[in-house]
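These notes are about the structure you will find just below.
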There are 2 protein chains.
Amino acid sequence: EQPLISGVAHDRSQAKITVIGVPDVLGSAAQLFEAVAAAGVNIDMIVQNVSAHHSGVTDISFTLPHEQGEAARAALQALAAEYGYQEIQYDEGVGKLSLVGAGMRSHPGVSAQLFGALRDAGINIEMISTSEIRISVVTRSEDLDEAVRAVHSAFGLDADKVEAVVYG
Amino acid sequence: EQPLISGVAHDRSQAKITVIGVPDVLGSAAQLFEAVAAAGVNIDMIVQNVSAHHSGVTDISFTLPHEQGEAARAALQALAAEYGYQEIQYDEGVGKLSLVGAGMRSHPGVSAQLFGALRDAGINIEMISTSEIRISVVTRSEDLDEAVRAVHSAFGLDADKVEAVVYG
Ligand SMILES: C[C@@H](O)[C@H](N)C(=O)O
Ligand SMILES: C[C@@H](O)[C@H](N)C(=O)O
């Protein structure tokens with residue numbers, strides 16, 4: 001059956017924190033997010049890729065409301081020395097775009113089509129995180145409106161009808 | 001309101017490919033996934049974190065059915081030299097666990113609680129990818145059953161009732 005693409009969600013209300021060089025050991029993700037949660041920070045997207053072999057470290061990124069940036073950074077700075085983080089990066093200029101649909105897993109071309117639409121619009125993809133009903137990318141926030149137009153166009157979506165803030 | 005945790009999904013049918021050192025330039029994700037899609041490979045989870053400053057490269061990981069591993073690897077090997085990939089890693093020993101729920105974004109402790117349950121069970125987290133209704137982690141597949149038990153227990157879920165393959 002055809003994948004069902006129901007719409008494009010976009011969000012420029014968030015900032016991104018990347019903790020560079022988190023030791024890839026038992027409990028380090030729990031430690032990090034316990035501290036961020038204790039600071040009352042709402043976390044949206046979390047991305048962690050595998051550690052490169054022998055490096056023993058990996059990077060953990062997450063997005064959060066702009067207004068909670070200071071609280072999150074302070075919580076992480078307090079851990080950085082003890083837990084060996086290499087660096088904490090804070091980025092206020094991100095935008096998040098999500099293609100929302102169903103059945104996307106069994107339609108391998110959907111991701112390629114989304115990434116191709118962004119390429120054709122000259123927009124660099126900074127982060128990717130997916131689920132079976134949502135493919136999310138992070139771009140510069142100044143590119144977000146153009147990205148949304150490009151994706152609507154690539155998928156033949158009627159921008160007036162299908163724009164939806166759909167959770168997934 | 002309380003976050004609604006509806007269940008724990010787990011999947012050991014997948015393998016993972018990590019393309020190490022993908023040039024962080026316009027169109028590289030599209031190129032990679034166009035090739036994988038052209039090979040007919042079904043893609044489940046994609047994770048890409050930001051490139052470290054000045055490195056100009058990042059890693060892209062994705063999961064796929066075990067039986068499509070060869071096709072995907074061949075497609076990527078064909079691109080590797082031309083597109084400058086540093087290495088293509090193939091991992092057949094992964095398991096994926098997802099905590100499925102609603103309202104998790106506004107309950108910052110949920111991620112910490114999930115990661116803490118895995119830490120307490122002695123299970124290392126290899127990848128993290130989240131959406132507002134699903135927090136997914138990749139572990140060793142041999143740890144998956146223990147991970148599912150630990151998460152059910154940590155969240156007070158009745159393992160017999162709420163185990164569900166819920167897409168998100
Ligand atoms: C890096 C982090 O995810 C670590 N592997 C952990 O299990 O917590
Ligand atoms: C690495 C990859 O995502 C690249 N930045 C792109 O836009 O395609």
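Heavy atoms only: backbone and side chains are in, while hydrogens, waters and symmetry mates are out. Here is how names work: the chains are called A, B, and so on, in the same order as the sequence lines, proteins then strands, and each is numbered from 1. Predicted model only: the values in this text are computed from it and were never measured.
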So for [X], is it side chain, backbone, both, or neither that comes closer than 4.5 Å to the heavy atoms of chain B?
{"X": "A/Ser136", "result": "neither"}
{"X": "A/Leu32", "result": "neither"}
{"X": "A/Val41", "result": "backbone"}
{"X": "A/Gln89", "result": "side chain"}

Using a cut-off of under 4.5 Å for heavy-atom pairs, which of [options] has the most such pairs with chain B?
{"options": "A/Leu114, A/Asn124, A/Ile135", "result": "A/Asn124"}
{"options": "A/Ala30, A/Ala52, A/Ala39", "result": "A/Ala30"}
{"options": "A/Ile128, A/Asn42, A/Asp120", "result": "A/Ile128"}
{"options": "A/Ile43, A/Val25, A/Ile123", "result": "A/Ile43"}
{"options": "A/Asp91, A/Asp59, A/Val50, A/Asp24", "result": "A/Val50"}
{"options": "A/Ser98, A/Gly40, A/Ala112, A/Ser111", "result": "A/Ala112"}

The salt bridge (Lys or Arg N to Asp or Glu O under 4.0 Å) partners of B/Arg149 (sequence neighbours excluded) come to B/Glu146

Any donor-acceptor pair under 3.5 Å linking the side chain of [X] with the backbone of [Y]?
{"X": "B/Ser129", "Y": "B/Val47", "result": "no"}
{"X": "B/Asp44", "Y": "B/Leu64", "result": "no"}
{"X": "B/His66", "Y": "B/Ser13", "result": "yes"}
{"X": "A/Ser55", "Y": "A/Val57", "result": "yes"}
{"X": "A/Ser61", "Y": "B/Asn49", "result": "no"}

Listed by chain and number, what are the ring pair (Phe, Tyr, Trp, His ring centres under 6.0 Å) partners of B/Phe33, not counting sequence neighbours? A/Phe115, B/Phe62

What pair of heavy atoms forms the shortest contact from [X] to [Y], and how long is it?
{"X": "B/Gln48", "Y": "B/Ile60", "value": "OE1-CD1, 3.5 Å"}
{"X": "A/Ser141", "Y": "A/Arg12", "value": "O-NH2, 2.8 Å"}
{"X": "B/Ala154", "Y": "B/Ala117", "value": "CB-CB, 3.6 Å"}

Sort by residue number and list every residue of residues 68-77 of chain B having at least one heavy atom under 4.5 Å from chain A. none

Could you list all the side-chain hydrogen bond (donor to acceptor under 3.5 Å, both in side chains) pairs where at least one residue sits in residues 29-41 of chain B, not counting sequence neighbours? A/Arg119-B/Glu34, B/Gln31-B/Tyr83

Assert top hit (heavy-atom pairs under 4.5 Å, partner chain A, pool B/Gln113, B/Gln14, B/Met104) equals B/Gln14

